[in-house]
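Encoded as structure tokens, the structure appears first; notes follow it.
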Amino acid sequence: MTASVLHNPNEITDVKDWGTVPTMIEGVSKVTGVLLHKGPNGESETGVWICTPGYWNCHVTSDEFCHFMEGRATYVHESGEVIEITPNTAAFFPKDWKGTCRVHETIRKTYMIR
């Protein structure tokens, strides 16, 4: 098995269109990205995720670690906890985290889902 490497993820422009966020409340957030690895049964995934501004309901269906490299967003858990995202923020969202996400400026993150 070989390693998957992506140099300078902030500078990539060869991205795939991953559609729009399906749970929009306001606006239309478009998602693009690069998949670095997907587990043999689809149980894990890592890559780069880019999302344009908008506001939506968010339900995290698997544990996810993120390193946000660019942009600004606000995640609000259904309990009221507020998570402000700015460049160089690392966050872990546990499976079944529910709330809302408002992207203020296009965000770019590296992520690992398990």
Side-chain angles (χ1 to χ4, degrees):
M1 182 176 286
T2 62
S4 297
V5 178
L6 179 62
H7 295 281
N8 302 315
N10 273 346
E11 298 174 12
I12 61 168
T13 57
D14 186 18
V15 295
K16 303 282 187 226
D17 180 355
W18 289 351
T20 58
V21 174
T23 57
M24 296 303 304
I25 297 169
E26 182 179 292
V28 178
S29 292
K30 296 182 180 180
V31 180
T32 58
V34 173
L35 185 64
L36 286 176
H37 173 78
K38 190 157 189 103
N41 299 313
E43 72 283 355
S44 64
E45 182 178 309
T46 189
V48 176
W49 189 81
I50 303 162
C51 184
T52 63
Y55 179 52
W56 70 87
N57 287 310
C58 183
H59 178 201
V60 178
T61 57
S62 298
D63 289 343
E64 181 176 356
F65 172 78
C66 310
H67 175 236
F68 293 87
M69 300 173 292
E70 293 181 343
R72 284 187 329 102
T74 303
Y75 286 82
V76 180
H77 187 265
E78 61 188 0
S79 70
E81 174 193 19
V82 177
I83 303 165
E84 294 293 343
I85 301 297
T86 57
N88 290 318
T89 299
F92 174 76
F93 294 92
K95 180 180 180 178
D96 286 327
W97 186 98
K98 292 180 184 175
T100 60
C101 176
R102 182 179 298 275
V103 175
H104 309 285
E105 297 170 6
T106 297
I107 54 176
R108 180 184 296 247
K109 70 180 183 182
T110 54
Y111 69 92
M112 173 65 184
I113 296 171
R114 64 175 181 147

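Here, residue 1 is the first one in the sequence, and each next residue gets the next number.
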Problem set entry | Contact check, side chains of Ile50 and Trp18, non-hydrogen atoms, under 4.5 Å | no
For this session: Using atom types as modelled and distance alone, determine if a side-chain donor or acceptor of Thr52 lies under 3.5 Å from a backbone N or O of Lys30.
Result: yes
For this session: Working to the nearest 0.5 Å, report the span between CD of Glu70 and CZ of Arg108.
Result: 5.0 Å
Problem set entry | Side-chain donor or acceptor of Thr23 paired with backbone N/O of Asn57 under 3.5 Å | yes
Exercise. Got a donor-acceptor contact below 3.5 angstrom from the Glu43 side chain to the Asn41 backbone?
Worked result: yes
For this session: Starting at NZ of Lys109, measure out to CZ of Phe65 and round the result to the nearest 0.5 Å.
Result: 11.0 Å
Exercise. Can you tell me how far the CZ atom of Arg102 sits from the SG atom of Cys58, to the nearest 0.5 Å?
Worked result: 13.5 Å
For this session: Give the cluster check for Trp49 versus Met24: same hydrophobic cluster or not, with ILVMFWY residues linked at side-chain heavy-atom distances below 4.5 Å.
Result: yes
Exercise. For the side chain of Thr32 and the backbone of Asp17, is there at least one donor-acceptor N/O pair under 3.5 Å apart?
Worked result: no
Problem set entry | Atom of Thr110, atom of Met69 and distance for their closest heavy-atom approach | CG2-CE, 3.7 Å
Problem set entry | Any donor-acceptor N/O pair, Ser29 side chain to Pro53 backbone, under 3.5 Å | yes
For this session: May I have the step-by-step check of side chain to side chain contact (heavy atoms under 4.5 Å, CB included) for Val103 and Trp56, ending in yes or no?
Result: CA-CA 9 Å; Val103 175; Trp56 70 87; 3.5 Å; yes
Exercise. Going from OG1 on Thr46 to NE2 on His37, what distance comes out if it is rounded to the nearest 0.5 angstrom?
Worked result: 8.5 Å
For this session: First locate atom CD1 of Ile83, then atom OG1 of Thr89, and finally report the distance between them rounded to the nearest 0.5 Å.
Result: 10.5 Å
Exercise. How far apart are the closest heavy atoms of Ile107 and Arg72, and which atoms are they?
Worked result: CG2-N, 3.7 Å
For this session: Scan Cys66, Ser44, Ser62 and name whichever one has a side chain to side chain contact (heavy atoms under 4.5 Å, CB included) with Met112.
Result: Ser44
For this session: Determine whether Val31 and Phe68 fall in the same hydrophobic cluster, where Ile, Leu, Val, Met, Phe, Trp and Tyr are linked whenever their side-chain heavy atoms lie under 4.5 Å apart.
Result: yes
For this session: List the steps, then state whether side chain to side chain contact (heavy atoms under 4.5 Å, CB included) holds for Val34 with Asp14.
Result: CA-CA 8 Å; Val34 173; Asp14 186 18; over 6 Å; no
Problem set entry | Nearest-0.5 Å distance, CZ of residue Phe93 to OG1 of residue Thr61 | 13.0 Å
Problem set entry | Asn8 side-chain N/O to Asn10 backbone N/O, donor-acceptor pair under 3.5 Å | no
Exercise. Which of these, Ile85, Val60, Val82, sits in a side chain to side chain contact (heavy atoms under 4.5 Å, CB included) with Tyr75?
Worked result: Ile85
For this session: Consider only side-chain heavy atoms of I, L, V, M, F, W and Y, link residues closer than 4.5 Å, and tell whether Val15 and Leu6 are in one cluster.
Result: yes
